[in-house]
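Computed from heavy atoms alone, side chains included, the values below leave out hydrogens, waters and symmetry copies. Numbers here are sequence positions counted from 1.
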Amino acid sequence: YQRRVRAKIGELEEPIPQVPEILFLFLVLLVKFIGTVLSVGMVDVPCGIYTPIFVIGAVMGRLFGELVVATGLAVNPAAYAVCGAAAVAAAGTHTLSTAIIVVELTGHIELSTPLLLAVL
């Protein structure tokens, strides 16, 4: 997955340094959480809470999925992201309808059972 930049002079290739995906997801989770706390809790800016907790749940689920992949299991981390987003959003709003909304958003009916189990 390492992208390379081709220099204009000759065929010299220089690798671009990349941040590991797990570290990047952890940083996104930290920044999003701090930003949500500051905007909702401290600054008292009128804003919604559903979308930020949905994104935080998706990042947490993707982070967990990437950790499972790092152990050597062949799973789809995107499915963990979808289930994490639904679970955290349902926990924040105390509703089960989040699972149905996520199934409608993604169009993947095969995720309905894991989504309902995650929401419960």
Side-chain angles (χ1 to χ4, degrees):
Y1 297 120
Q2 192 174 23
R3 295 179 292 184
R4 298 189 180 266
V5 177
R6 295 194 184 272
K8 296 284 184 186
I9 303 171
E11 291 294 317
L12 180 65
E13 294 181 357
E14 298 177 17
I16 297 174
Q18 293 183 350
V19 178
E21 189 169 358
I22 293 174
L23 178 62
F24 176 74
L25 288 170
F26 181 73
L27 291 174
V28 168
L29 178 65
L30 185 67
V31 168
K32 186 64 178 175
F33 181 76
I34 290 171
T36 302
V37 167
L38 289 176
S39 67
V40 174
M42 294 179 61
V43 181
D44 202 24
V45 175
C47 62
I49 192 68
Y50 187 77
T51 304
I53 63 173
F54 197 81
V55 171
I56 288 171
V59 172
M60 287 172 51
R62 180 67 185 232
L63 183 62
F64 182 77
E66 291 295 335
L67 291 173
V68 170
V69 168
T71 64
L73 295 175
V75 296
N76 186 3
Y80 284 99
V82 171
C83 289
V88 174
T93 60
H94 301 289
T95 60
L96 296 176
S97 62
T98 305
I100 306 303
I101 293 170
V102 171
V103 168
E104 289 291 325
L105 283 172
T106 60
H108 291 285
I109 194 74
E110 66 272 4
L111 289 177
S112 61
T113 303
L115 282 171
L116 286 171
L117 289 174
V119 165
L120 289 176

So Ile49 and Thr36, side chain to side chain contact (heavy atoms under 4.5 Å, CB included) or not? Walk me through it.
-> CA-CA 8 Å; Ile49 192 68; Thr36 302; 3.7 Å; yes

Check [X] against [Y] and note the closest heavy-atom contact, atom names and distance.
X: Ala87; Y: Ala118; result: CB-O, 3.6 Å
X: Phe54; Y: Ala89; result: CD1-CB, 3.8 Å
X: Gly65; Y: Val75; result: O-CG2, 4.3 Å
X: Leu116; Y: Ala99; result: CD2-CB, 3.7 Å
X: Thr93; Y: Tyr50; result: CG2-CD1, 3.7 Å
X: Ile53; Y: Val88; result: O-CG1, 3.5 Å

Output the distance between atom [atom1] ([X]) and atom [atom2] ([Y]), rounded to the nearest 0.5 Å.
X: Leu67; Y: Ile22; atom1: CG; atom2: CD1; value: 4.5 Å
X: Asn76; Y: Arg62; atom1: CG; atom2: CZ; value: 7.5 Å
X: Leu29; Y: Phe24; atom1: CG; atom2: CZ; value: 11.5 Å
X: Ile109; Y: Leu115; atom1: CD1; atom2: CG; value: 9.5 Å
X: Leu25; Y: Leu30; atom1: CG; atom2: CG; value: 12.5 Å
X: Cys83; Y: Met60; atom1: SG; atom2: CE; value: 13.0 Å

Linked, directly or transitively: Ile100 and Val102 (ILVMFWY side chains, under 4.5 Å) =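 Result: no, two separate clusters.
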
Can you hop from Phe33 to Val55 via hydrophobic side chains spaced under 4.5 Å?
-> yes

For Phe64 and Val68, run side chain to side chain contact (heavy atoms under 4.5 Å, CB included): C-alpha distance rounded to whole Å, both residues' side-chain angles, the deciding distance at 0.1 Å, then the answer.
-> CA-CA 6 Å; Phe64 182 77; Val68 170; 3.7 Å; yes

Yes or no on side chain to side chain contact (heavy atoms under 4.5 Å, CB included) for Lys32 and Val59, after CA distance, side-chain angles and deciding distance?
-> CA-CA 9 Å; Lys32 186 64 178 175; Val59 172; over 6 Å; no

